[in-house]
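Working notes for the structure below.
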Amino acid sequence: MSDGTGPGQEPDPTAERRETTCVLRDGTRLRTVLLLPHGRGPWPALLTRHPYDATRDEHDGILDVRRLVAAGYLVALQDVRGRFGSAGVFDPCAQEVADGADAVAWLAALPECTGAVGMWGASYASDTQFSALLGGAPALRAIAPAMTPAMSALDGFRFRGGVPEIGSTLAWTHYAIAPDLITRIGSAREREAERRRWEATERAIGSGEAFRAGAAQAGPDAEAIVVWGLDRLREPLGSARHRAGKIVDRIDAIDIPVFLTGGWFDVFLGPTLEIYRRLLRRAKDTGGPVPRLLVGPWTHDDMSGRTAGVDFGPDASAGDLGGGADLTARHVRWFDAVLRTGETDTPPVRVFLMGSNRWIDLDEFPPRDTRTLELYLSAGGSLAAEPAGSGERRLTSDPASPVPTCGGAVLLFAPFEAGPADQRAIEARQDVVSWRTVPLAEELTVMGAVRAVVHLATTGTDADVVVRLCDEHPDGSSLVITDGVQRGSARLVDPITGLGERRPVEPNREQEFVVDLWSTAHTFLPGHRVRVDIAPSSSPRWDVGRNVFEPAGATEAPTVAEYTIRHGAARPSRLVLQVVTTAPR
């Protein structure tokens with residue numbers, strides 16, 4: 001029998017490729033590709049499940065499956081219910097709890113499997129890992145979720161700071177999901193009608209009509225999955241539908257080793273780090289497995305280390321994580337430890353320190369020796385360690401002319417690229433106000449959480465506050481490092497559980513907005529400035545607020561509002577950073 005090689009080629013690590021079906025408890029059949037190693041089994045199995053055509057992972061996945069097979073794993077690639085080669089009707093997130101548990105049990109029972117299963121995958125394929133655990137899957141011994149929204153639907157998945165993530169909702173439903181669903185429609189007439197609705201959505205995205213103020217509340221002539229997505233954005237923040245397939249308050253169910261991968265410019269960085277923090281706290285409290293964490297200078301779908309015109313260097317890609325190991329090699333080493341030997345000898349955390357452009361190993365993130373640095377918005381647009389002069393700055397929030405999205409941790413459609421984009425054109429707008437430090441005399445390394453406290457009054461009954469942390473270079477370029485948003489009416493709502501009452505903002509009365517900018521690891525170099533921008537919107541990333549409080553189910557006409565941002569010792573608007581005195585080497 002041929003080994004599948006020609007002159008100069010390496011032997012094929014896959015002894016057999018088998019396309020089979022996994023039958024779920026309700027009889028639904030899921031297409032599953034099995035890749036078997038050479039030699040005699042059984043082997044531990046590694047499974048990935050997602051809605052993006054699992055056969056693509058054979059050649060173009062986050063991990064090199066050939067090397068997983070070569071390492072002695074039975075690899076299983078599976079289309080979830082209702083997608084590509086699998087039967088059934090696709091019901092995003094909600095279906096994966098029972099289906100994931102069934103898939104793990106089916107795989108573990110195969111004669112080629114030892115009974116031990118691990119899972120890997122990014123984005124939706126990370127959700128399916130946590131869902132399988134929630135569904136009860138005793139054979140699942142380890143998971144490796146990347147770029148994961150599994151913590152909550154309210155922290156970067158469907159909402160952020162109480163503001164609908166309309167841009168990523170449109171990008172995912174319209175581009176990633178709708179095309180295959182349309183091809184599955186049996187009736188030619190209904191299929192053509194749905195295709196025309198897809199084209200209508202495409203035109204609305206191109207014109208901007210799809211994300212104008214109030215678009216999330218409208219009843220668009222869109223394809224079914226886009227309507228599904230917009231329906232979820234209309235759900236109350238405390239809705240049970242936002243909890244479907246999410247961990248939320250079920251961290252107790254995660255009692256196996258976890259290897260988390262994230263990106264500093266990933267739309268799901270927040271939930272990825274929140275899962276890490278909660279698992280680490282649980283490990284300290286119970287003695288359970290310590291989570292592993294890897295974060296690079298990556299976006300949701302680009303792990304090259306080159307994005308938005310910035311190149312973070314030759315070691316910044318998933319193909320070279322420094323130290324002679326790429327992403328696949330680190331996963332193989334970890335799976336070997338947790339599924340075979342039970343021993344790990346690598347530091348639990350590895351993060352890329354931007355600015356310095358190097359990897360650092362840590363015992364935990366953020367490091368234990370971080371301290372809090374507060375930089376105060378002060379007179380004259382200065383950002384200083386002490387409040388310097390009281391005062392105020394004003395801007396106009398006009399829903400008809402929102403501030404455009406430019407870079408950041410986004411998952412959008414062209415031309416809106418993720419990453420550390422230059423903000424100079426955005427900062428020149430009249431509805432964006434900025435504060436900055438003097439040029440730094442020495443390095444300043446931020447390593448951990450970033451938040452902003454903004455004292456603001458508005459003439460409306462609701463307000464959105466967008467805050468960006470930027471690195472202003474000596475040449476004047478201003479690169480976004482991290483950002484966040486908070487809607488005034490949701491300021492009392494828990495961003496994970498959705499618990500808490502939405503309330504209108506009292507017009508012309510100063511309110512304190514606390515804006516979560518998630519976290520970063522970034523060194524501001526000597527001669528650079530720390531800069532903070534405040535704006536009333538970022539479109540199409542976030543739903544454009546209408547400056548009026550809308551009770552559940554209500555729709556109000558948008559109105560122009562005047563924002564007044566106050567600062568000084570009595571009104572300490574400020575940026576709050578976790579920093580380290582000396583960056584780890």
Side-chain angles (χ1 to χ4, degrees), residues 13-14 33 35 37 43-50 54 56-78 104 107 113-114 116-130 132-133 140-148 150 254 256-263 266 268 272 275-276 279 289-296 298 300-305 315-352 359 361-362 365:
T14 302
V33 174
L35 305 176
W43 304 275
L46 297 179
L47 167 67
T48 191
R49 309 181 63 249
H50 59 70
R56 292 170 53 188
D57 284 89
E58 294 182 73
H59 309 289
D60 186 28
I62 188 173
L63 300 183
D64 184 342
V65 298
R66 288 171 48 87
R67 289 165 59 192
L68 300 181
V69 175
Y73 289 98
L74 169 65
V75 171
L77 315 173
Q78 187 175 89
V104 170
L107 182 59
C113 182
T114 61
V117 178
M119 293 182 73
W120 91 93
S123 195
Y124 196 102
S126 71
D127 257 24
T128 59
Q129 299 174 55
F130 288 104
L133 277 175
L140 186 55
R141 310 291 172 79
I143 59 175
M147 281 66 174
T148 180
I254 316 303
I256 61 174
V258 178
F259 180 174
L260 290 156
T261 299
D266 173 41
F268 302 136
T272 297
I275 292 171
Y276 167 76
L279 289 176
V290 174
R292 259 46 185 176
L293 177 67
L294 174 72
V295 186
W298 306 322
H300 188 71
D301 51 11
D302 187 343
M303 302 177 78
S304 68
D315 295 336
S317 76
D320 186 355
L321 304 176
D326 64 6
L327 191 64
T328 298
R330 290 188 74 89
H331 276 77
V332 167
R333 187 172 183 176
W334 182 77
F335 277 125
D336 284 347
V338 297
L339 296 179
R340 287 180 164 136
T341 68
E343 299 177 0
T344 57
D345 59 358
T346 57
V349 175
R350 188 171 179 83
V351 299
F352 192 86
W359 291 97
D361 292 323
L362 302 167
F365 182 85

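Bear in mind the structure is a predicted one, so any value in this text is a computation, not a measurement. Only heavy atoms go into these numbers, but all of them, side chains included; no hydrogens, no water, no symmetry mates.
- In this structure the side chain of Y276 reaches within 4.5 angstrom of the side chain of V349, judged on heavy atoms.
- Note: L260 CG to I275 CD1 = 6.0 Å, rounded to the nearest 0.5 Å.
- Between atom OG1 of residue T261 and atom CD1 of residue I62 there is a gap of 6.0 Å, rounded to the nearest 0.5 Å.
- Of all the heavy atoms in G72 and R340, the pair that sits closest is O-NH2, 2.5 Å.
- Summarising the geometry, atom CZ belonging to F335 is positioned 13.5 Å from atom CZ belonging to R141; distances are rounded to the nearest 0.5 Å.
- Atoms CG and CG, on L321 and L294 in that order, are 5.5 Å from each other to the nearest 0.5 Å.
- In this structure the side chain of R330 reaches within 4.5 angstrom of the side chain of R350, judged on heavy atoms.
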* Test log, rule side chain to side chain contact (heavy atoms under 4.5 Å, CB included), inputs Y73 and D336 -> CA-CA 10 Å; Y73 289 98; D336 284 347; 2.5 Å; yes

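- Across all their heavy atoms, D326 and D320 have their closest contact at CB-N, 4.2 Å.
- Once rounded to the nearest 0.5 Å, the distance linking OG of S126 with NE2 of H50 reads 11.5 Å.
- Partners of F259 under the ring pair (Phe, Tyr, Trp, His ring centres under 6.0 Å) rule, at least two apart in sequence or in another chain, are H331, W334.
- Every residue two or more places apart in sequence or in another chain that forms a side-chain contact (heavy atoms from CB on, under 4.5 Å) with T14 is listed here: D12, L35, V69.
- Between R292 and P347, the shortest heavy-atom contact is NE-O, 4.4 Å.
- Remark: the D302 side chain and the S304 side chain contain an N/O donor-acceptor pair separated by less than 3.5 Å.
- The closest donor-acceptor contact from the side chain of T128 to the backbone of R49 lies under 3.5 Å.
- T48 places no side-chain N or O within donor-acceptor distance of the main-chain N or O of L77, the cut-off being under 3.5 Å.
- Smallest separation of non-hydrogen atoms from G262 and M147: C-CE, 3.9 Å.
- Inter-residue side-chain proximity for V65 and W120 is flagged as met; some heavy-atom pair is nearer than 4.5 Å.
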* Should L107 and L74 be marked as a side chain to side chain contact (heavy atoms under 4.5 Å, CB included) after you check the CA-CA gap, both sets of side-chain angles, and the distance that decides it? -> CA-CA 10 Å; L107 182 59; L74 169 65; 4.2 Å; yes

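- Put simply, the side chain of R67 never gets that close to the backbone of V332: no donor and acceptor are under 3.5 Å apart.
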* To do: Begin from the C-alpha positions of D266 and W298 and carry the test side chain to side chain contact (heavy atoms under 4.5 Å, CB included) through to its verdict.
  => CA-CA 7 Å; D266 173 41; W298 306 322; over 6 Å; no

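- Heavy atoms only, all atoms of each residue included: I256 and A142 are closest at CD1-N, 3.6 Å.
- Side-chain atoms of W359 come within 3.5 Å of backbone atoms of D315 as a donor-acceptor pair (strictly under, hydrogens ignored).
- Looking only at distances, a side-chain donor or acceptor of Q129 sits under 3.5 Å from a matching main-chain atom of G121.
- In this structure, T328 contributes its side chain and D64 its backbone to a donor-acceptor pair below 3.5 Å.
- Put simply, the side chain of P289 does not reach to within 4.5 Å of the side chain of V258, judged on heavy atoms.
- Remark: T346 OG1 to R333 CZ distance equals 5.5 Å, nearest 0.5 Å.
- Here the closest heavy-atom approach between residue V338 and residue P257 is recorded as CG1-CB, 3.7 Å.
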